Amino acid sequence: MTDRAPQPVDRQLPTEESRDLLALVREIAQREIRPRAAEEEDAGRFPREVFTLLSEAGLLGLPYPGEYGGGEQPYEVYLQVLEELAAARLTVGLGVSVHSLACHGLAGYGTKEQQAAHLPAMLGDGLLGAYCLSEPAAGSDAASLTTKAVRDGDDWVITGTKAWITHGGVADFYTVLARTGVEGPKGITAFLVPGDAAGLTAAVPEKKMGMKGSPTAQLHFDGVRVPDSRRIGEEGQGFSIALAALDAGRLGIAACAIGVAQAALDEALAYALDRKQFGHPIADFQGLRFMLADMATKIEAGRALYLAAARLRDAGKPFSRQAAMAKLFCTDAAMAVTTDAVQILGGYGYTADFPVERLMREAKVLQIVEGTNQIQRMVIARHLAGPETR
């Protein structure tokens, strides 16, 4: 790792409060997250204490209402917080995004009574959430999910298996999508399930090529009983709730991707300025200068794209197409930038002594989660040309 500290990103923030907030986030990232990231990722250690610290600092509920303990920050600010956290350690940045995704259904579709009962603990009392949509045989085709919730008096009994669940086994609550009616999207309902519910168990976490500190596991629901008071929205409304959450979540992934790319550029630039060959810093050579210029351009373009989508969301305007574009572009950019960073460091880039190889492995998953980039292209094309006619 180089000795040069990365320069803060020159951000356009709407208020003095938001500037102070980003300064706090950078301080926490530099002091509590970045120094241990490589060691803990290599060991596969989940930093639960970091999420507790972020909750205490009011950073786990930033885009949600203040009356329930949220930060009432616009997405324009919240996403830049995610970017800073992801630049320090993707396990943390993406973890905050997933937690926010898990809160989205209740915050947007729950009753006032449900929100008052659950949101304060979810947003500011140290709880950590997870989002349960995907299944072993229902990934991109999420509407074909088979986990069932059957009505039994005033309760629902949930049975089935969810897959690829970030925070699976360590979360305190799960937003779960289950089938309560007919096949297809209209038969799906959302539920808020406690992490310690009887009959809920987590499998051994997946062995992944990156993000080893973030547990990803299957969840098994063996007759898990939840009261109807934990049903979110109306029966059959779950899939539309899920899609709305995913639009917002894709912006979170885009911001995390730019954070990872920025971290890789910072490392590559510092190395290129320090490393000398043929009597000159390698940053003097045009081939590398052009690589650095292209990397920086991709990052600036991605940041502008996700912020433009965030501002649409903050203004209450449709942003689904722009969210898909931001997720697609930013994650592809992160993959390209981290790969170039490894190349700039040469043999050192391929070793675990420098963080760019870890950043490259982490960037790959961002092209997959919250809808693969092939799915994003389908979403964008449907907005442009309408549904497929075949």
Side-chain angles (χ1 to χ4, degrees), residues 44-48 51 60 91 94-106 118 121-122 126-152 155-180 185 187-208 210-233 238-239 241-243 245-246 249 252-253 365 368-372:
R45 183 180 179 278
F46 179 63
R48 182 59 193 255
F51 289 94
L60 286 191
T91 285
L94 186 132
V96 173
S97 181
V98 167
H99 173 81
S100 182
L101 184 69
C103 297
H104 185 277
L106 186 65
H118 301 294
M122 292 163 62
L127 299 188
L128 187 65
Y131 184 77
C132 301
L133 176 61
S134 294
E135 297 181 2
S140 296
D141 183 15
S144 67
L145 65 83
T146 59
T147 294
K148 291 185 178 180
V150 178
R151 190 72 180 255
D152 182 19
D155 294 340
W156 293 88
V157 180
I158 304 175
T159 302
T161 297
K162 293 294 180 178
W164 309 112
I165 307 304
T166 301
H167 301 158
V170 301
D172 300 298
F173 65 91
Y174 298 93
T175 294
V176 179
L177 284 302
R179 186 162 304 285
T180 57
I188 296 171
T189 302
F191 299 91
L192 183 66
V193 179
D196 60 356
L200 174 57
T201 57
V204 175
E206 307 288 350
K207 295 181 179 179
K208 309 190 298 289
M211 289 196 70
K212 297 179 181 179
S214 176
T216 303
Q218 288 192 356
L219 289 179
H220 303 299
F221 295 79
D222 185 10
V224 174
R225 186 175 290 271
V226 294
D228 187 56
S229 60
R230 282 182 169 265
R231 171 177 47 83
I232 301 172
F239 198 69
I241 292 173
L243 292 183
L246 286 175
I253 298 302
V365 77
I368 299 171
V369 297
E370 305 283 355
T372 67

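Worth knowing before you read on, the calculation uses all heavy atoms, side chains too, and leaves out hydrogens, waters and symmetry mates. Computed from a predicted structure; not experimentally measured.
- The minimum heavy-atom distance between A245 and Y131, with the atom names listed, is CB-OH, 4.1 Å.
- Considering every non-hydrogen atom in both P205 and A217, the closest pair reads CA-CB, 4.0 Å.
- The one candidate from W156, F221, F173 that meets the ring pair (Phe, Tyr, Trp, His ring centres under 6.0 Å) condition with F191 is W156.
- The distance from atom CD1 of I241 to atom CG of L106, rounded to the nearest 0.5 Å, is 10.0 Å.
- Proximity of V157 to V224: side-chain heavy atoms (C-beta onward) are nowhere separated by under 4.5 Å.
- Separating the SG atom in C132 from the CD1 atom in I158 is a distance of 9.5 Å, to the nearest 0.5 Å.
- For H99 (side chain) and G129 (main-chain N/O), a donor-acceptor pair under 3.5 Å exists by modelled atom type.
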Before you tell me yes or no, could you show the steps for V365 and K208 under side chain to side chain contact (heavy atoms under 4.5 Å, CB included), namely the whole-Å CA-CA distance, both residues' side-chain angles and the distance that decides it to 0.1 Å? CA-CA 9 Å; V365 77; K208 309 190 298 289; 5.9 Å; no

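- The closest donor-acceptor contact from the side chain of D172 to the backbone of G195 lies at 3.5 Å or more, if one exists at all.
- For Q218 (side chain) and T161 (main-chain N/O), no donor-acceptor pair under 3.5 Å exists by modelled atom type.
- In terms of heavy-atom proximity, L101 sits nearest to E370 at CD2-OE2, 3.4 Å.
- The two atoms that bring A178 and K148 nearest to each other are CB-C, 4.2 Å, heavy atoms only.
- With contacts defined as side-chain heavy-atom distances shorter than 4.5 Å, the pair R151/T180 does not qualify.
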CA sep, side-chain torsions, deciding dist, call: L246, L133, side chain to side chain contact (heavy atoms under 4.5 Å, CB included): CA-CA 10 Å; L246 286 175; L133 176 61; 3.9 Å; yes

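- Atom CG of L219 is separated from atom OG of S134 by 11.5 Å, given to the nearest 0.5 angstrom.
- Here the straight-line distance linking atom OG1 of T166 with atom CD of E206 works out to 10.5 Å at 0.5 Å rounding.
- Taken from CZ in R225 to CZ in R230, the straight-line distance is 14.5 Å, to the nearest 0.5 Å.
- Of all non-hydrogen atoms in I253 and S97, the two that sit nearest each other are N-OG, 4.3 Å.
- With values rounded to the nearest 0.5 angstrom, F51 atom CZ is found 7.5 Å from T91 atom OG1.
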Check the pair L192, T175 against side chain to side chain contact (heavy atoms under 4.5 Å, CB included), reporting the backbone distance first and the verdict last. CA-CA 5 Å; L192 183 66; T175 294; 4.2 Å; yes

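- Across all their heavy atoms, F46 and V170 have their closest contact at CE2-CG2, 3.9 Å.
- A donor-acceptor pair under 3.5 Å is absent between the side-chain atoms of S214 and the main chain of M211, judged by distance alone.
- Remark: the backbone N or O of G168 is not paired with any side-chain donor or acceptor of K162 at under 3.5 angstrom.
- By the neighbour-count criterion of 12 heavy atoms within 6.0 Å, atom CG of D222 is sparsely surrounded, having that number or fewer from other residues, nucleotides or ligands.
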